[in-house]
Amino acid sequence: MSADALSRAFAALADPTRRAILARLANGERTVGELAKPFAMSGPAVSKHLKVLERAGLVSRGRDAQRRPCRLRAAPIKRVAEWADDYRQFWDASYERLDAYLNHLMSEKPDDDAAK
């Protein structure tokens with residue numbers, strides 16, 4: 001995934017409505033009208049969100065007779081997760097260093113019972 005594609009994916013995912021749309025599409029195809037139902041917004045407003053998601057490669061629209069179902073394209077989300085995974089490795093290493101330091105402190109702690 002190019003940096004621009006990754007940036008488009010992050011920009012699309014930055015909006016909570018778009019994330020909610022993706023969550024609904026994870027359960028199967030939906031039309032714009034079906035996607036608009038739980039939101040206090042019009043179908044055209046949902047369509048604008050869908051266009052952002054389409055440009056990011058996160059959603060595709062098909063044609064089924066009169067319906068234009070939208071479907072989730074999860075590959076860009078996997079690439080976002082892979083990018084974030086590099087930082088998870090940073091935090092894992094930080095926690096391991098913290099554990100080692102705490103274990104070192106615990107091993108040097110004087111015995112409270114012996115002091116009495």
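In what follows, every heavy atom counts, from backbone to side chain, and hydrogens, waters and symmetry copies are set aside.
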What pair of heavy atoms forms the shortest contact from [X] to [Y], and how long is it?
X: Asp15; Y: Thr17; answer: OD1-N, 2.8 Å
X: Leu72; Y: Ala26; answer: CD2-CA, 3.9 Å
X: Ala56; Y: Ala12; answer: CB-CB, 3.8 Å
X: Ala9; Y: Leu58; answer: O-CD1, 4.3 Å

Subject >> Joint cluster assignment, Ile77 & Ile21, ILVMFWY side-chain distance < 4.5 Å >> reply: yes
**OP:** Answer yes if Leu13 and Tyr87 sit in the same cluster of Ile, Leu, Val, Met, Phe, Trp and Tyr residues linked by side chain heavy atoms under 4.5 Å apart, and no otherwise.
**Re:**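 Looking at the clustering, Tyr87 is in the same group as Leu13.
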Original post:
Residues two or more places apart in sequence or in another chain: which of them pass side-chain contact (heavy atoms from CB on, under 4.5 Å) with Phe10?
Top reply: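 Expected list: Leu6, Val80, Trp83.
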Subject >> Residues in side-chain contact (heavy atoms from CB on, under 4.5 Å) contact with Gln89, at least two apart in sequence or another chain >> reply: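 For Gln89 the side-chain contact (heavy atoms from CB on, under 4.5 Å) partners, ignoring immediate neighbours, are Asp85, Asp86.
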Original post:
Going by the ring pair (Phe, Tyr, Trp, His ring centres under 6.0 Å) test, which pairs reach into residues 13-47, not counting sequence neighbours?
Top reply: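 Sorted pair list comes back empty.
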**OP:** Go through the structure and list residues passing side-chain hydrogen bond (donor to acceptor under 3.5 Å, both in side chains) with Arg73, not counting sequence neighbours.
**Re:** none
Subject >> Sequence neighbours excluded - salt bridge (charged side-chain N to carboxylate O under 4.0 Å, His left out) pairs with any residue from residues 53-64 >> reply: Glu54-Arg61, Asp64-Arg67
Subject >> Qualifying salt bridge (charged side-chain N to carboxylate O under 4.0 Å, His left out) pairs, either residue in residues 89-103, two or more places apart >> reply: none
Subject >> From CG (Leu98) to CG (Leu102), nearest 0.5 Å >> reply: 4.5 Å
**OP:** To the nearest 0.5 angstrom, please state how far the CG atom of Leu35 sits from the CG atom of Leu22.
**Re:**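 Leu35 atom CG to Leu22 atom CG measures 9.5 Å (nearest 0.5 Å).
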**OP:** Name all residues meeting the ring pair (Phe, Tyr, Trp, His ring centres under 6.0 Å) criterion together with Tyr95; count only those two or more places apart in sequence or in a different chain, and write none if there are none.
**Re:**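 By the ring pair (Phe, Tyr, Trp, His ring centres under 6.0 Å) rule, Tyr95 matches no residue at all.
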Subject >> Arg71: partners by salt bridge (charged side-chain N to carboxylate O under 4.0 Å, His left out), with sequence neighbours left out >> reply: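 By the salt bridge (charged side-chain N to carboxylate O under 4.0 Å, His left out) rule, Arg71 matches Glu29.
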Original post:
Taking the side chain as C-beta and beyond, is there a heavy-atom pair between Leu53 and Leu25 under 4.5 Å?
Top reply: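 No - every pair of side-chain heavy atoms lies 4.5 Å or more apart.
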Please report, to 0.1 Å, the donor-acceptor pairs under 3.5 Å made by any side chain of residues 43-50, with sequence neighbours excluded.
residue	atom	partner	partner atom	Å
Ser47	OG	Gly43	O	3.2
His49	ND1	Arg18	NH1	3.2

